[in-house]
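Contents: one structure, followed by commentary.
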Amino acid sequence: MAYGTDEGLIEYLSASGRCLSGSTTAAVVRFWGSAYVDQFEQDYRGAAITTDASFPRDLWTTVPSRVEQAAYEAGLAWSQGVVLFGSGGTSGGQVTSEAVDSLKVTYAEPQDGTGYWENNRYILPIAYALLLPFMKHKGGFYPSAMVV
């Protein structure tokens with residue numbers, strides 16, 4: 001399920017002075033943006049009401065506008081070439097430095113890619129910031145004001 005509407009995406013981008021590029025369609029942008037939103041499933045408060053999407057949840061009976069906007073932001077980033085879902089790692093052997101005199105070459109060590117996505121999934125600060133109110137703190141606690 002893609003969050004928001006094609007019209008909502010166009011209006012949101014227009015309000016912020018942006019537009020879709022060339023051959024990119026709103027439906028495709030919303031698809032990839034929604035996939036970005038859904039990848040945080042384990043971090044959201046409450047439980048998803050449906051199995052095909054993270055929102056709505058048992059705490060919110062509708063999809064909050066901030067979630068739709070986060071999907072729009074992530075989808076727009078995808079349409080501009082930002083890698084939303086990367087595997088990371090290298091096969092090794094890439095040249096990392098070279099010198100012409102005395103012919104010195106240094107090669108990269110192979111990397112397994114472990115932890116790449118966990119360390120880089122926050123690369124879209126606007127989209128991530130829009131989603132923060134729906135996330136629980138690490139350790140399972142919910143963000144809230146506490147009076148002591």
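- When all heavy atoms of A74 and A127 are compared, the closest pair comes out as N-CB, 4.2 Å.
- Between the CZ atom in F31 and the OG1 atom in T25 there is a gap of 11.5 Å [rounded to 0.5 Å].
- Here the OH atom belonging to Y3 is positioned 14.5 Å from the CD atom belonging to Q69, to the nearest 0.5 angstrom.
- Taking each heavy atom of S79 and S21 in turn, the nearest pair found is O-OG, 4.1 Å.
- By the criterion of side-chain heavy atoms lying less than 4.5 angstrom apart, applied directly or through intervening Ile, Leu, Val, Met, Phe, Trp or Tyr residues, M1 is not grouped with I49; the two fall into different hydrophobic clusters.
- In terms of heavy atoms, S34 sits closest to A71 at N-CB, 3.9 Å.
- Applying the under-4.5 Å side-chain rule to Ile, Leu, Val, Met, Phe, Trp and Tyr, the cluster around L130 extends to L9, I10, Y12, L13, L20, V29, Y72, L76, I126.
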Please walk me through it: do Y44 and R57 pass side chain to side chain contact (heavy atoms under 4.5 Å, CB included)?
CA-CA 9 Å; Y44 295 132; R57 302 182 76 72; 3.4 Å; yes
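- Applying the salt bridge (charged side-chain N to carboxylate O under 4.0 Å, His left out) definition to pairs two or more places apart or across chains, those involving residues 20-40 are D6-R30.
- Few gaps surround CH2 on W78; more than 12 heavy atoms of other groups in view lie less than 6.0 Å from it.
- Judged as a salt bridge (Lys or Arg N to Asp or Glu O under 4.0 Å), and not counting sequence neighbours, R66 has no contacts.
- For D58 (side chain) and A47 (main-chain N/O), a donor-acceptor pair under 3.5 Å exists by modelled atom type.
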Q42 and M135: CA distance, side-chain angles, deciding distance, side chain to side chain contact (heavy atoms under 4.5 Å, CB included) verdict:
CA-CA 9 Å; Q42 71 278 359; M135 294 185 178; over 6 Å; no
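- Remark: aromatic rings of F134 and F40 are distant, center separation not under 6.0 Å.
- F55 and W60 have tilted rings, their planes meeting at an angle from 30° to 60° on a 0 to 90° scale.
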Does E68 form a side chain to side chain contact (heavy atoms under 4.5 Å, CB included) with T5? I'd like the steps, not just the answer.
CA-CA 9 Å; E68 292 177 354; T5 63; over 6 Å; no
